[in-house]
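Remarks on the structure that follows.
Note that the structure is predicted; figures quoted are calculated from it, not measured. So you know, we letter chains A, B, ... as the sequences are listed, proteins then strands, and number each from 1.
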Amino acid sequence: MKYLKLLIVIILFFGIVFVLGKLVSLKYISEYPEGSFISDYYKEENNHDVIFLGDCEAYTTFSPINLYEKYGITSYVRGNSQQLIGASYYLLQETLKYEHPKVVVLSVGLMRYDKQVKEEYNRLLLDKMKWSKEKIHLMNYLMLDNENIFSYFFPLLRYHDRITKLNSDDFKYLFNDRIVSHNGFLINQEVKPLNTLPSKKVLDNYNFSESNMEYLKKIMKLCQENNITLVLEKSPTMYPFWYDEYEKQIIDFANTYHLDYYNLLEKKDDIGLDFTKDTYDSGVHLNLSGAIKTTEYFGKILKEKYALQNHQNDDKIKLDYEKKIERFYGEVHEKNN
Amino acid sequence: MATSRIKKILLLLLNTFLYFIYGKNIIVLLITSVLTYYFGHIIVKKKSYLITTILISIILMPLIFYKYLINIMEISILVPLGISYYTLSLISYLSDMYHKRYHEANSLLDFLLFSLYFPCLFIGPINRYDTFSLELKKISFKKENVFNSLLRISFGLIKKLIIANKLMIVINTIASNNEFTGLYVLLACLLYSILLYCDFSGGIDIVLGISKIFNINLVENFNHPYLSESIKEFWRRWHISLSSWLKDYVYIPLGGNRGSKIMTKVNVLITFLISGLWHGIHYILWGILHGILVILNFKTKNRVVNIILTFTLISLLWIFFIYNNTFLSIEMFVSIFTKCDINVITNFLSLGLNIYEIIIVIIFLIMVIIYERKKDVIEKNFSSFTIENKVALILLLIILILLFGNYGLDVNGNNFIYGSF
């Protein structure tokens with residue numbers, strides 16, 4: 001009886017730590033919605049023909065809802081802020097546990113970043129990720145020296161300081177969650193025109209790191225092993241600069257391994273991008289208008305070159321996407337007002 | 001006998017392991033400890049003042065090098081953990097050997113346990129070999145000690161993580177902006193008094209609590225210091241192990257109060273100057289000012305007035321700890337009397353803590369005061385609890401610490417203030 005009481009006390013302790021951890025954790029709904037991309041994916045009812053991988057350039061450039069509307073292609077953006085190439089690799093591994101897409105589009109802008117700079121970016125990716133061996137690998141790959149691994153198991157250790165700053169989301173979404181993104185895409189309709197670009201800095205080194213190149217090869221190999229077509233793509237963003245030296249390395253890689261590479265930045269006029277209207281932060285990211293234009297342009301390539309199926313007549317998918325489209329335009333309308 | 005030796009070896013291994021885990025330079029500590037052990041034997045044999053002075057000087061060298069020279073020479077090097085504390089312990093041992101206060105250590109194992117005792121290397125207390133070696137004889141793991149020790153450790157963590165680290169946010173806001181003058185500085189001084197006490201005594205609670213688990217009773221380092229009626233009394237209640245060390249190994253050897261009144265005052269001043277110097281070069285003036293206040297030793301007839309006056313004076317002198325720069329500290333001290341920033345009241349909530357955090361600090365401060373005032377009663381009652389109730393209470397305190405503590409990434413205050421001295 002004594003030991004039973006003791007056991008109850010200990011279970012109660014871990015129960016309270018768990019609930020408090022849930023309470024104080026960031027919910028990634030109103031604040032930092034990017035943190036919900038990862039968990040939104042688990043709620044998907046149907047498989048996707050295309051998976052976009054990349055950093056912010058991926059989730060602000062490609063709108064899967066518009067891609068479906070226009071071409072009937074099913075897709076999801078598994079990208080996040082400052083997502084490194086290694087993280088994209090582990091996310092692809094995780095994706096393959098759930099589905100086998102026909103095409104993986106890798107937004108190569110992320111090749112510029114060698115290592116994680118802020119713990120907050122790791123949190124966006126890891127906090128709502130399901131526990132799996134990929135998550136452990138990802139933690140090992142991303143964690144900064146000053147991070148504490150236990151804080152990923154016990155969020156209370158990381159977010160306890162929010163206890164005096166809780167908001168309505170923290171109670172509303174304590175035990176339930178809601179879909180925040182639109183298949184990994186975030187709607188941003190603000191306009192902040194690009195007036196003048198900052199001067200181009202001369203860098204000490206333009207070479208992608210060996211580690212990044214290794215992960216790029218790993219992604220390629222993983223796609224080959226799973227009979228997936230890997231497509232490389234550079235999103236049409238004006239800043240940070242995409243140097244010629246970067247471009248050459250990607251072209252060389254694509255040529256060496258017979259991969260398709262599309263530099264959409266070079267096609268910005270064909271796409272019809274107007275950086276006085278199609279960006280929300282002076283050319284760093286596209287806004288909704290820019291994303292729709294780019295998605296429609298790139299969707300055509302995907303449709304024609306990779307013979308992707310039009311799912312608009314597939315009842316199950318159609319029903320799912322009707323709901324998604326309604327929610328998408330509901331949010332567009334709401335934000336417009 | 002053999003069991004006792006095994007326990008000691010295990011404790012030594014644990015200490016060494018923790019030292020390595022902490023990633024600090026153990027070699028210097030190990031060498032000076034072994035040297036001191038053999039120096040003790042030499043001193044006992046030779047009985048020479050000159051040899052004793054030379055050997056003590058050798059043991060002092062690492063402290064002088066790591067604490068002062070590397071700052072002057074601007075060298076970046078890994079400073080051994082707790083060098084200020086263990087050097088004083090080693091010097092006390094050599095001095096005691098010269099004065100034949102007790103028998104020399106006959107076991108290197110015991111001596112290494114004394115000098116390498118890991119918990120004390122962070123923030124003390126400064127141990128003496130005679131008392132510590134007696135404690136070593138009764139090393140054991142007693143169930144009845146564990147829960148009271150955990151209770152004390154929990155309150156130590158509450159003091160450090162909840163009270164001190166939260167107040168540190170306000171202090172850092174004020175100290176990092178030289179535009180915060182006048183009443184802001186006064187506020188910083190008063191809050192720093194609470195912060196430093198909670199930080200330092202919280203750390204000592206953890207050290208004493210851990211030691212008690214092994215049935216090692218270390219000297220208490222605090223005795224309600226802010227209830228002192230004079231600065232002189234304060235130094236009998238604050239950082240007791242350092243104060244008594246300075247008394248025994250500096251003040252009395254200088255002559256103490258055996259000479260003329262003037263010489264007694266000079267001896268007090270020298271003792272406090274060394275106290276300041278032990279804290280660091282920037283604290284010399286702080287030490288001298290305390291020395292002057294101890295010599296003046298003024299008091300009124302009203303106890304409450306005396307306590308308030310003493311607390312205010314001590315708080316004002318912590319200014320040297322807040323700014324870590326003698327000239328800036330003087331400038332800010334003067335501003336308290338020359339600038340009147342009455343908006344400190346309205347701006348208080350913009351100094352880094354919101355209203356809830358302030359309430360949390362106040363509640364836990366009250367909890368700590370009650371615990372400290374009624375410690376014996378609380379521990380006695382706690383001892384009568386059933387095991388599951390004891391576990392429940394400790395786990396509840398842990399939850400409160402985890403929830404309300406200020407710790408983790410980007411928290412300026414993960415180390416103890418006195419760990420840097």
Subject >> A/N146, part contacting chain B, at a heavy-atom distance under 4.5 Å >> reply: both

Original post:
Do A/V24 and A/L20 have side chains that get closer than 4.5 Å, going by heavy atoms?
Top reply: no

Subject >> Modelled atom types, side-chain donor and acceptor of A/S81 and A/Y59, under 3.5 Å >> reply: yes

Original post:
Measuring heavy-atom distances to chain B, does A/R162 have an atom under 4.5 Å in its side chain, in its backbone, in both, or in neither?
Top reply: neither

**OP:** Before accepting this row, confirm whether a basic side-chain N of the pair B/D199/B/K159 lies closer than 4.0 Å to the acidic partner's carboxylate O.
**Re:** no

Original post:
Any sub-3.5 Å donor-acceptor pair from A/E214's side-chain atoms to A/S209's backbone N or O?
Top reply: no

Original post:
In residues 111-141 of chain A, which residues are in contact with chain B at a heavy-atom separation under 4.5 Å?
Top reply: A/E119

Original post:
For A/L6, is it the side chain, the backbone, both, or neither that has a heavy atom closer than 4.5 Å to a heavy atom of chain B?
Top reply: both

**OP:** Would you mind checking if A/K192 and A/D281 are paired as a salt bridge, meaning a charged N to carboxylate O distance below 4.0 Å?
**Re:** no

Original post:
Looking just at side-chain N and O atoms, do B/K160 and B/N165 make a donor-acceptor pair shorter than 3.5 Å?
Top reply: yes

Original post:
Using non-hydrogen atoms only, which part of B/I360 is less than 4.5 Å away from chain A: side chain, backbone, both, or neither?
Top reply: side chain

**OP:** Using the six-membered ring of A/Y89, assess whether NZ or CZ of A/K218 lies under 6.0 Å from its centre and within 45 degrees of the ring axis.
**Re:** yes

**OP:** Examine whether an atom of A/L157 lies under 4.5 Å from a heavy atom of chain B, and if so say whether it belongs to the side chain, the backbone or both; otherwise answer neither.
**Re:** both

